[in-house]
Protein chains: 2
Amino acid sequence: MVVPGLDVEKNGMTISPQIDPRIQRTRTVVLSHTYDLLVKEGFGGVSVDEVSRRSGVAKTTIYRHWPTRTRLLLDACSQLGVAAEFTSSGSFETDIRSHLLNVSERLTTSGWAKVLPSILDAGEREPDVAAVQKALQQIWAGQVAQIVEAATDRGEIDARADVKNAAALVLGPLYYRRWFSREPTDPAFIEQVAVAVCTVMVAPSA
Amino acid sequence: MVVPGLDVEKNGMTISPQIDPRIQRTRTVVLSHTYDLLVKEGFGGVSVDEVSRRSGVAKTTIYRHWPTRTRLLLDACSQLGVAAEFTSSGSFETDIRSHLLNVSERLTTSGWAKVLPSILDAGEREPDVAAVQKALQQIWAGQVAQIVEAATDRGEIDARADVKNAAALVLGPLYYRRWFSREPTDPAFIEQVAVAVCTVMVAPSA
DNA sequence: AGGCTACAGTACGGTACTGTAGCGTTTATC
DNA sequence: GATAAACGCTACAGTACCGTACTGTAGCCT
């Protein structure tokens, strides 16, 4: 978002003064309610009118901050990706297992799990949405990549294994369960996925 | 669909006379155009008005055949699942490989690949849609199950392997590539998925 | 031939949404 | 305290959609 009149030219250098608290408040309140509605109704179910009703912020004010409905939604979507800190346990297998559990739980609890199909859908037709989805996707795939990289540094990874496919092998089955077959993930399933991933990725040394 | 006045009570037994060709025509034409629009615009992008415009069938006529927009869409969705004939090659590994290739190609070419996210999205909120999605899902998972069953009969499958998870391991990575990471599937990727599935499922006999 | 049925066309009522215009009011900020 | 910016409110134009009522026409079936 570009807020005109915020950056001020002064003495030859642009300084950013304190943001007007009214602007600050409007932006956070509107984005927060947009996010809630997004989770509840999906990408196509969010209207500016409804956001205005729920947030108590006038529709005209919303349009003063975001030029169009889509831009507001994209802004709200950007807050979905939360990059978590990663520290390896020292074992690829352990890292994968814990990551599988981690993702599996977030798939059942977190809000974005409900929204994502609508984002995928919109991304099939609107390039802007596809771009945001791609950014989010890279965050999540990046977490898997971190695990693989750490293991590669330790020499755990099979040289023949294609690292770029790891994310698909790890996340694919989980996503499948959540959105396609709609079955809950039990520990036995997680275990089988972990075994499948490790047999493909880990070097057959010791 | 129930078409009132079609089944006739006669001599104590219900007979189904020839279907009025006008009805036949309307149903096929409307469903066909609904399907096209569905593929192009997604579940949420189909309006009865637009179907009427494209098909040349009056909107009132459409409402005579389908009581509501959703029912029309569900009817059109039901035509997505095409059960193919399956004959095993005699080897689990070969069957899996060819199925992976088969699905992978249909994911890039066929129409339903574009529609599915919108169906998933609608299914998150509307139970009717979720039911149709589940039916389609079971068809596709069933194809994997057939492969596993044939291999089980030949004693190829590891007794410890959980057969119910096979579909997730096979289809999950492919779906991930198509809808989440939007990367094309290359042969090397297919191969890696095949290896992962087989090492988990196949009995370590020979 | 005649009746019945499906159909086309038009016109609605009602709702919801996007985005804009104008005007008065509050509230930071200097 | 003054000024300018941000805000709320109402109203509006324009569009699109769902689902229905009504009138007249074309086509099927016996």
Side-chain angles (χ1 to χ4, degrees), chain A residues 1-8 10 15-31 33-34 37-38 41-76 118 122 126 128, chain B residues 1-8 10-11 15-31 33-34 37-38 41-76 122 126 128:
Chain A
M1 270 302 302
V2 176
V3 181
L6 243 182
D7 292 337
V8 176
K10 203 175 207 177
I15 61 173
S16 293
Q18 286 295 79
I19 293 179
D20 190 324
R22 294 173 293 180
I23 295 178
Q24 188 84 324
R25 181 188 170 277
T26 295
R27 284 174 49 74
T28 56
V29 168
V30 169
L31 277 182
H33 281 88
T34 302
L37 204 54
L38 190 59
E41 303 293 339
F43 201 89
V46 178
S47 73
V48 180
D49 275 315
E50 186 61 27
V51 172
S52 169
R53 269 189 290 271
R54 296 198 176 201
S55 63
V57 175
K59 192 169 64 161
T60 46
T61 300
I62 297 178
Y63 275 105
R64 262 178 222 120
H65 285 261
W66 293 272
T68 177
R69 166 184 172 274
T70 305
R71 292 284 283 273
L72 169 61
L73 281 175
L74 292 181
D75 224 5
S118 65
E126 299 173 40
D128 293 347
Chain B
M1 271 301 303
V2 176
V3 181
L6 242 181
D7 292 337
V8 176
K10 202 174 206 177
N11 299 339
I15 60 174
S16 294
Q18 286 297 80
I19 293 180
D20 191 323
R22 294 171 296 180
I23 295 179
Q24 188 84 325
R25 180 189 170 278
T26 295
R27 284 175 50 74
T28 57
V29 168
V30 170
L31 277 182
H33 281 88
T34 302
L37 203 55
L38 191 59
E41 303 292 340
F43 201 91
V46 178
S47 73
V48 180
D49 276 312
E50 186 61 28
V51 171
S52 169
R53 268 188 291 271
R54 297 198 175 201
S55 63
V57 174
K59 193 167 65 160
T60 46
T61 301
I62 297 178
Y63 275 105
R64 241 174 247 125
H65 285 262
W66 293 271
T68 178
R69 166 185 173 274
T70 305
R71 291 284 283 272
L72 169 61
L73 282 175
L74 292 181
D75 224 4
E126 299 171 39
D128 293 346

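These numbers come from the heavy atoms of this one structure, side chains and all, not from hydrogens, waters or symmetry mates.
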Item to complete: Might you work through the side-chain contact (heavy atoms from CB on, under 4.5 Å) test for A/R71 and A/D128, ending with a clear yes or no?
Response: CA-CA 9 Å; A/R71 292 284 283 273; A/D128 293 347; 5.7 Å; no
Item to complete: Tell me which residues in residues 46-58 of chain A put a heavy atom below 4.0 Å from DNA chain D, sorted by number, or none.
Response: A/G56, A/V57, A/A58
Discussion item. Measure CD/B/Q24 against P/D/dC29 and give the value in whole Å, please.
Written reply: 11 Å
Worksheet item: Any donor-acceptor pair under 3.5 Å between the side chain of A/T60 and the base of D/dC9?
Response: yes
Discussion item. Is there a side-chain contact between B/H33 and B/L37 in this structure, where contact means two heavy atoms from C-beta onward sitting under 4.5 Å apart?
Written reply: no
Item to complete: Under the side-chain contact (heavy atoms from CB on, under 4.5 Å) rule, what do B/V48 and B/W66 come out as? Steps first, then yes or no, please.
Response: CA-CA 10 Å; B/V48 180; B/W66 293 271; over 6 Å; no
Practice prompt. Output the distance between atom CG (B/L31) and atom OG1 (B/T26), rounded to the nearest 0.5 Å.
Written response: 10.5 Å
Discussion item. In this structure, how many angstroms lie between the C1' atom of D/dC12 and the OH atom of A/Y63, rounded?
Written reply: 14 Å
Worksheet item: Quick one: B/R25 CZ to D/dC28 C1', roughly how many Å, whole number?
Response: 14 Å
Worksheet item: OP1, OP2 of D/dC7 versus side-chain N and O of A/T26: anything below 4.0 Å?
Response: yes
Item to complete: Could you tell me which residues satisfy side-chain contact (heavy atoms from CB on, under 4.5 Å) with A/S52, sequence neighbours excluded, listed by chain and number?
Response: A/K59, A/I62
Worksheet item: Is the backbone N or O of B/V46 less than 3.5 Å from a side-chain atom of B/R69, with the two atoms forming a donor-acceptor pair by type?
Response: yes
Worksheet item: Can a side chain N or O of B/T61 be found less than 4.0 Å away from OP1 or OP2 on C/dA8?
Response: yes
Practice prompt. Let me know the distance between CZ of B/R27 and P of C/dC7, rounded to the nearest Å.
Written response: 10 Å
Item to complete: Grab the CZ-P distance between B/R71 and D/dC18 for me, whole Å please.
Response: 16 Å
Worksheet item: Listed by chain and number, what are the side-chain contact (heavy atoms from CB on, under 4.5 Å) partners of A/T60, not counting sequence neighbours?
Response: A/A58, A/R64
Worksheet, complete the sentence: Axis-to-axis angle across the helix from C/dA1-D/dT30 to C/dC30-D/dG1, five pairs each end, nearest 10 degrees, ~ 30°
Discussion item. Holding to side-chain contact (heavy atoms from CB on, under 4.5 Å), I want the full list of residues that pass it with B/R53, two or more places apart in sequence or in another chain.
Written reply: B/D49, B/E50
Practice prompt. Check the distance between D/dC7's C1' and A/H65's NE2 and give it to me in whole angstrom.
Written response: 8 Å
Item to complete: Could you tell me the separation between the CH2 atom of B/W66 and the C1' atom of C/dA6, rounded to a whole number of Å?
Response: 13 Å
Practice prompt. Report yes or no: is there a donor-acceptor pair, N or O only, under 3.5 Å between the side chain of B/K59 and the base of C/dG9?
Written response: no
Worksheet item: Can you name the side chain to side chain donor-acceptor pair (under 3.5 Å) partners of A/R22, sequence neighbours left out?
Response: A/D20
Report, one pair per line, the protein and nucleotides 23-28 of chain C atoms (nitrogen or oxygen only) whose separation is under 3.5 Å.
{"unit_1": "C/dT27", "atom_1": "O2", "unit_2": "A/R22", "atom_2": "NH1", "d": "3.0"}

Worksheet item: Side-chain contact, heavy-atom cut-off 4.5 Å: A/L72 with A/H65?
Response: no
Fill in: side-chain contact (heavy atoms from CB on, under 4.5 Å) involving A/S118 - partner list, sequence neighbours excluded
A/F43, A/V115, B/D121
Discussion item. If I take atom CG in residue A/L72 and atom P in nucleotide C/dG19, what distance separates them, rounded to the nearest angstrom?
Written reply: 10 Å
Worksheet item: If you round to the nearest 0.5 Å, how far is CG of A/L73 from OG1 of A/T68?
Response: 9.0 Å
